[in-house]
Amino acid sequence: MEYDFRNIEPKWKEYWEKNQVYKVSNQSDKPKFYILDMFPYPSGAGLHVGHPLGYIASDIYARYKRLKGFNVLHPMGYDAFGLPAEQYAIETGQHPAITTEQNIKRYREQLDKIGFCFDWSREVKTSDPHYYKWTQWLFLQLFHSWYNRKENKTKTIADLVNIFQTEGNKNHPCPKDESLSFTKAEWETYPEKEKRDILMKYRIAYLDYAEVWWCEALGTVLANDEVVNGVSERGGFPVERKQMRQWFLRITEFANRLLNSLDSLEWTEAMKEMQRNWIGKSNGAEVKFKLEKGAEIEVFTTRPDTIFGVDFMVLAPEHELVDVITTDEQRKAIEEYKQYVKSRSERERMSEVKQITGCFTGAYAIHPFTGNKIPVWISEYVLAGYGTGAIMAVPSGDQRDHNFAKHFNIPITNIFDSLYNGNEAYADKTGKLQNSGFLSGMDVKNAIATAIKAIEEKNIGKRKVNYKLRDAGFSRQRYWGEPFPIIYVDGVPYGTDESPIKENKELYKLPVELPHVDSYKPGPEGQGPLANITDWVNTLWGKRETNTMPGYAGSSWYFLRYMDPHNDNEFASRKAIDYWGQVDIYIGGSEHAVGHLLYSRMWTKAMYDLGLIGFDEPFKKLINQGMIQGSTRFIYFVSALYSYENEAFKNFHFPQFYISKHFFDTYNLDNTKNYVLDKIEEIFSKYNLPSTLGVQISKTPTVVPIRVDVNVVNGNELDTEAFKKLRPEYANAEFIKEDDKYICGSETEKMSKSKYNVVNPDDIVEQYGADTFRMYEMFLGPVEMSKPWDTKGIEGVHRFLKKMWRSYADEQKGWIITDEPATEAELRILHKTLKKISEDIERFAFNTSVSQLMIAVNELSSLNCHKKAILQPLAIAITPFAPHLAEELWQKCLGNTTSIMDATFPAYEEKYVTENSKKYPVSVNGKPRVEIEFPLDMEQSLIEKEVLSNDTIKKWLDGKEPKKIIYVKGKMINVVV
RNA sequence: GCCCAGAUGGCGGAAUUGGUAGACGCGCUAGACUCAAAAUCUGGUUUUCGCAAGGAAGUGCAGGUUCGAUUCCUGUUCUGGGCACCA
């Protein structure tokens with residue numbers, strides 16, 4: 001009776017499904033546990049071995065928690081809207097709904113093979129109208145909300161209208177326009193359109209303008225991803241930045257809360273730090289500089305203390321004042337410069353340091369304290385979206401300003417005396433200011449306070465907290481996304497749940513279904529494809545919004561839908577939400593650090609404020625899974641043959657020469673080259689080619705590394721026969737081997753089809769079974785770490801499972817479990833293992849728990865142990881890792897009649913894991929010299945005496961007196977001389 | 001360019017709180033079983049000097065703190081992730 005996973009695994013999969021073992025109820029006496037994987041996007045390429053890494057980890061944890069007596073929610077679904085499906089539709093004409101459905105089906109098949117305990121009855125798909133109905137509904141809640149800064153809370157627009165009606169906006173300045181001010185009486189006189197324009201400037205979900213990549217040739221807006229090296233990825237057409245009307249989410253209002261409540265989360269410090277940096281809170285001042293010819297430039301600075309060092313000012317090229325202040329002489333140059341900047345991505349603008357660009361506007365500002373004339377420039381290194389889009393440049397104190405001043409020969413004012421050396425800005429915050437009027441002689445901290453005070457007294461600015469975080473763009477000019485439940489009545493946007501629209505039942509109804517289109521071509525003027533469907537766009541009350549929502553719309557709240565996935569009356573019932581609460585553990589890649597994870601935190605806070613849910617952070621604990629990279633294999637082609645004249649050369653199957661890695665590495669050496677040439681000649685002569693072909697061997701052939709499909713490589717050794725079968729053109733491949741092997745080169749890269757390094761989990765499961773696959777992925781190393789995929793260690797894990805099996809079953813005799821009582825030694829092995837495994841699982845260290853299981857099985861089999869008392873608990877312990885095997889042992893061998901999933905994880909007993917003596921490493925001057933065993937409760941003085949009388953120690957002391965003896969109980973002993 | 005992370009034998013990795021560096025597995029190697037192979041089992045395997053006993057060096061690199069550093073600090077190199085419309 002062998003370990004026959006091909007029979008065992010399908011059998012139990014069917015059993016679990018038939019008995020609905022994974023079905024989770026919203027009612028239970030057990031404590032709840034919610035463990036969630038990040039939503040996958042179902043790509044056309046299917047799953048590769050990297051995807052399941054996190055799912056296996058969460059599956060192990062989920063099963064473990066269940067065995068520990070929790071009611072565990074462990075769902076899975078799909079983030080099914082997205083650009084790739086639409087791109088595919090444009091190329092092939094297939095509807096994204098159809099290809100997405102196919103991809104999902106494929107994903108599901110692949111996931112099922114690995115034996116996950118997902119409750120599939122709770123599956124959600126963001127592209128399902130039953131789902132996006134609620135995405136749209138939640139959008140409407142955000143549209144009907146504003147942020148009350150006084151209360152630090154999301155409130156309804158109705159509430160804001162009330163405030164305006166009773167007191168105007170004096171207590172609630174407009175976040176988009178602080179100069180906006182009106183009284184209660186003025187509010188009453190505004191026509192409806194103006195009222196709504198004002199309200200729009202307060203809404204959490206609001207309309208504004210923003211830049212997008214526009215490609216004239218394709219007539220469409222492109223994602224950053226689709227712009228490569230400044231041209232469109234498709235077709236290589238020129239692109240430029242273009243202003244377009246867009247929906248936004250006012251996440252900036254939540255900035256401080258998003259920052260502060262990070263402290264309450266069990267996320268890695270790195271993850272929190274990334275979010276903190278993204279939010280980018282900085283304290284400083286806003287200062288207005290009057291221009292010579294009227295107008296003012298407002299800047300934000302974190303260093304108001306350096307104001308006496310201001311030598312010039314820089315506006316973002318998009319700044320609205322640029323056109324106003326530019327003098328006639330400079331207008332042409334400024335226009336040309338602006339044109340240049342349009343072709344530049346923000347990334348390029350920020351990262352370019354070597355090449356300094358900019359243009360003088362011809363205008364001058366007046367320094368508020370010195371009265372000096374300060375030239376005003378524009379440059380790409382100042383971004384419109386950060387701060388006020390303008391800076392005061394202090395070359396002696398800021399490196400970029402310094403570079404700029406040097407490059408354009410702007411004289412530099414030194415405000416740091418000898419601290420500034422003339423070559424590099426002095427950006428440190430230590431030392432005293434000089435040459436700075438009333439700030440001279442002060443240190444930075446003092447000077448900042450004094451400067452702000454002076455600025456405020458002079459009424460030219462104020463203290464200000466600034467955030468790098470920007471409002472989140474919420475529109476895509478695309479088809480495959482959620483349509484907005486918005487209709488423009490005379491050009492004014494209304495929610496479909498507002499008067500007058502809601503009077504019409506058809507228009508009121510959610511979801512606003514994504515209409516069918518025949519073409520995915522963009523609409524006029526960069527609008528999405530929906531703009532082409534006039535029937536759909538034009539409604540009784542006006543035109544529909546033709547943008548769709550971005551990918552993160554559906555994924556910002558999906559964790560709530562799993563709690564109550566089939567609810568048609570609410571996005572999820574409050575009862576279900578209160579029962580499951582926060583996600584206890586969330587697993588996914590760190591690439592979502594500042595996108596998805598920040599957006600869903602914001603949605604959660606808004607929903608909490610609006611009383612829809614009872615917690616304001618979605619993910620209590622976060623585990624970042626590393627990436628499994630591809631390990632690309634290279635073979636080395638020698639282009640040795642050529643023909644002078646003959647056409648037949650092209651159609652003839654010539655031998656192709658590939659050299660093993662060693663020869664490639666040393667190809668520059670004459671020895672190697674001659675050896676290779678001799679070999680080629682030797683092989684070639686065997687072919688006996690007709691001389692009429694005119695084929696010759698090159699004396700100086702070049703060698704080209706070629707990526708080869710990893711699936712025909714075993715470790716680093718090429719399976720030459722499999723390679724030849726791969727494609728007809730390889731049939732005559734000839735290999736120049738080393739030690740009779742063809743060794744490939746390798747490189748670690750992203751796993752992708754184009755690099756021939758994709759490994760499909762199906763193949764691994766087919767060959768070794770799901771249990772081996774699961775354990776092997778965990779055994780590779782810590783979940784959080786990225787590592788290249790390599791199949792070469794999988795044999796070891798598979799051997800381990802077979803060995804474990806042999807503890808329970810014999811090839812000839814069948815089950816060999818006995819009822820004999822366990823010995824002390826056996827119990828020690830068992831309990832040590834139980835302890836280690838539960839501790840390791842709790843800290844997500846699955847690689848070491850697999851090791852421990854291996855150690856246990858090795859030790860038990862060397863004791864020849866087949867005892868039920870040991871092996872039954874051991875079967876439960878391995879369940880999270882190898883559920884199929886465990887279930888087989890549980891029911892077939894150990895004779896249980898219910899699923900092992902309903903077993904209880906055995907607790908370890910302290911008495912079997914404590915030792916009473918320790919073999920101490922004894923060091924002399926920090927170098928370990930000998931091992932001596934002492935009881936743990938032995939007195940230090942006695943130990944010291946014995947140590948000093950040890951022969952080896954005596955030898956190393958060499959007659960010298962020990963200065964000090966360091967004894968750390970249970971750890972080590974060190975003798976210092 | 002900025003932010004975050006990682007680097008340990010031939011390979012994946014272990015060392016959980018500053019306390020024996022290399023657990024476990026792969027690979028390699030020697031042997032047992034076998035007509036043979038597969039499977040399985042036993043031993044060896046960081047490098048280096050040495051017949052051995054035993055020594056020396058060693059956790060990307062350069063320093064530092066400490067009785068003691070893979071672990072803490074400073075600097076640095078390389079690799080990976082993110083940088084706001086890929087998801």
Side-chain angles (χ1 to χ4, degrees), chain A residues 2 38-41 43 79 81-84 87 210 212-213 221-227 246 268-271 273-274 276-278 280 346-354 381 385 400 468-478 550-552 555 589-596 598 624 626-627 629 715-716 748 750 776 779-782 784-788 790-797 799-800 802-803 806 811 839-840 843 845 847-848 850-855 858 861 919-929 931 963-966 968 970-977:
Chain A
E2 280 189 314
M38 281 187 193
F39 236 2
Y41 174 79
S43 89
D79 189 10
F81 278 131
L83 207 47
Q87 189 51 43
V212 290
W213 280 118
V221 170
L222 298 176
N224 284 339
D225 235 38
E226 299 175 298
V227 178
Q246 310 270 350
T268 58
E269 237 352 272
M271 211 58 165
E273 195 58 23
M274 273 191 265
R276 284 187 197 115
N277 291 332
W278 187 261
E346 262 185 33
R347 178 109 39 106
E348 287 170 327
R349 288 173 58 173
M350 285 186 294
S351 55
E352 192 68 79
V353 284
K354 291 184 191 101
Y381 82 89
R400 275 182 317 181
K468 205 152 64 189
L469 185 70
R470 307 199 298 245
D471 281 345
F474 200 68
S475 293
R476 301 292 182 262
Q477 291 69 38
R478 295 286 174 178
Y552 68 84
S555 63
S590 63
E591 66 270 23
H592 298 284
V594 288
H596 161 62
L598 204 57
N624 289 116
M627 226 180 224
Q629 290 139 329
N716 281 320
T748 300
K750 209 170 182 155
Y776 180 57
F779 189 60
L780 275 177
E784 316 85 51
M785 218 119 77
S786 289
K787 55 229 147 195
D790 204 323
T791 318
K792 77 181 177 198
I794 200 166
E795 286 284 351
V797 174
R799 276 204 278 269
F800 155 70
K802 286 200 280 188
K803 188 168 184 177
R806 285 198 303 273
E811 222 168 289
E839 284 171 0
D840 283 355
R843 65 185 178 102
N847 52 331
T848 49
V850 176
S851 298
Q852 183 57 43
L853 284 164
M854 288 174 167
I855 293 168
N858 285 344
S861 70
K919 270 187 188 154
Y920 285 91
V922 184
S923 302
V924 177
N925 281 339
K927 288 215 176 288
R929 294 301 178 190
E931 227 174 42
K963 229 189 249 165
K964 195 162 55 160
I965 297 176
I966 290 149
V968 183
K971 295 281 186 194
M972 46 66 70
I973 297 162
N974 188 14
V975 184
V976 186
V977 290

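Quick note on labels: first sequence line is chain A, next is B, and so on, each numbered from 1.
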| message | One thing to verify: whether A:E346 and A:R349 come together as a salt bridge, which I'm taking to mean a side-chain N less than 4.0 angstrom from a carboxylate O. | response | no
| said: Suppose we screen for side-chain contact (heavy atoms from CB on, under 4.5 Å). Which residues come up paired with A:P782, at least two apart in sequence or across chains? | reply: A:E784, A:M785, A:N847
At a cut-off of 3.5 Å, list every protein nitrogen or oxygen paired with a nitrogen or oxygen from nucleotides 40-46 of chain B, distance to 0.1 Å.
from: B:U40; atom 1: O3'; to: A:R806; atom 2: NH2; distance (Å): 3.2
from: B:C41; atom 1: OP1; to: A:R806; atom 2: NH2; distance (Å): 3.4

Any N/O pairs under 3.5 Å between the protein and nucleotides 14-17 of chain B? List them or say none.
from: B:A14; atom 1: OP1; to: A:N847; atom 2: ND2; distance (Å): 2.8
from: B:U16; atom 1: O4; to: A:K836; atom 2: NZ; distance (Å): 2.6

| task | Indicate, with a heavy-atom threshold strictly under 4.0 Å, whether A:E931 touches base, sugar-phosphate, or nothing. | result | base
| said: Applying ring-ring contact (aromatic ring centres under 6.0 Å, His included), can you list everything that pairs with A:F39, at least two apart in sequence or on another chain? | reply: A:Y558
| query | Which residues pass the side-chain contact (heavy atoms from CB on, under 4.5 Å) test with A:T268, sequence neighbours left out? | reply | A:A270, A:M271, A:N624
| request: Determine: side-chain N/O of A:R347 to OP1/OP2 of B:A84, distance under 4.0 Å, yes or no. | output: yes
| Nucleotide opposite B:U74 in a Watson-Crick or G-U pair, distances under 3.5 Å | B:A62
| said: Return the pairing partner of B:U40 with a 3.5 Å limit on both distances, Watson-Crick or G-U wobble; otherwise return none. | reply: B:A32
| query | For every nucleotide of nucleotides 60-65 of chain B, 5' to 3': is a protein heavy atom under 4.0 Å from its base (B), only from its sugar-phosphate (S), or from neither (-)? | reply | ------
| field | Pairwise 5' ranking along RNA chain B for A:E811 and A:L469, keeping only the more 5' one | value | A:E811
| message | Does A:E2 have more than 12 heavy atoms from other residues, nucleotides or ligands lying within 6.0 Å of its CD? | response | no
| note | Of A:I966 and A:E346, the one whose nearest nucleotide on RNA chain B sits closer to the 5' end is A:I966
| request: Identify the nucleotide, in any strand shown, that forms a Watson-Crick or G-U wobble pair with B:U16, with both distances under 3.5 Å; if there is none, say none. | output: none
Give every pair of a protein N or O atom and an N or O atom of nucleotides 76-82 of chain B that lie under 3.5 Å apart, one pair per line with the distance.
none

| By ring-ring contact (aromatic ring centres under 6.0 Å, His included), which residues pair with A:Y41, not counting sequence neighbours? | none
| With A:K971 via side-chain contact (heavy atoms from CB on, under 4.5 Å) - residues at least two apart | A:V968
| For B:G9, glycosidic torsion class - syn if within 90° of 0, otherwise anti | syn
| field | Residues in side-chain contact (heavy atoms from CB on, under 4.5 Å) contact with A:V976, at least two apart in sequence or another chain | value | A:N925, A:K964, A:I966, A:N974
| Worked check of salt bridge (charged side-chain N to carboxylate O under 4.0 Å, His left out) between A:K802 and A:E795 | CA-CA 10 Å; A:K802 286 200 280 188; A:E795 286 284 351; over 6 Å; no
| said: Any strand counts, and the cut-off is 3.5 Å on both contacts for Watson-Crick or G-U wobble. Which nucleotide pairs with B:G1? | reply: B:C83
| message | Between B:G27 and B:G12, how many Å separate the two P atoms, rounded to a whole number? | response | 15 Å
| field | For A:Y776, ring-ring contact (aromatic ring centres under 6.0 Å, His included) partners two or more places apart | value | A:W789
| remark: For A:N858, the side chain to side chain donor-acceptor pair (under 3.5 Å) test, sequence neighbours excluded, returns A:K803
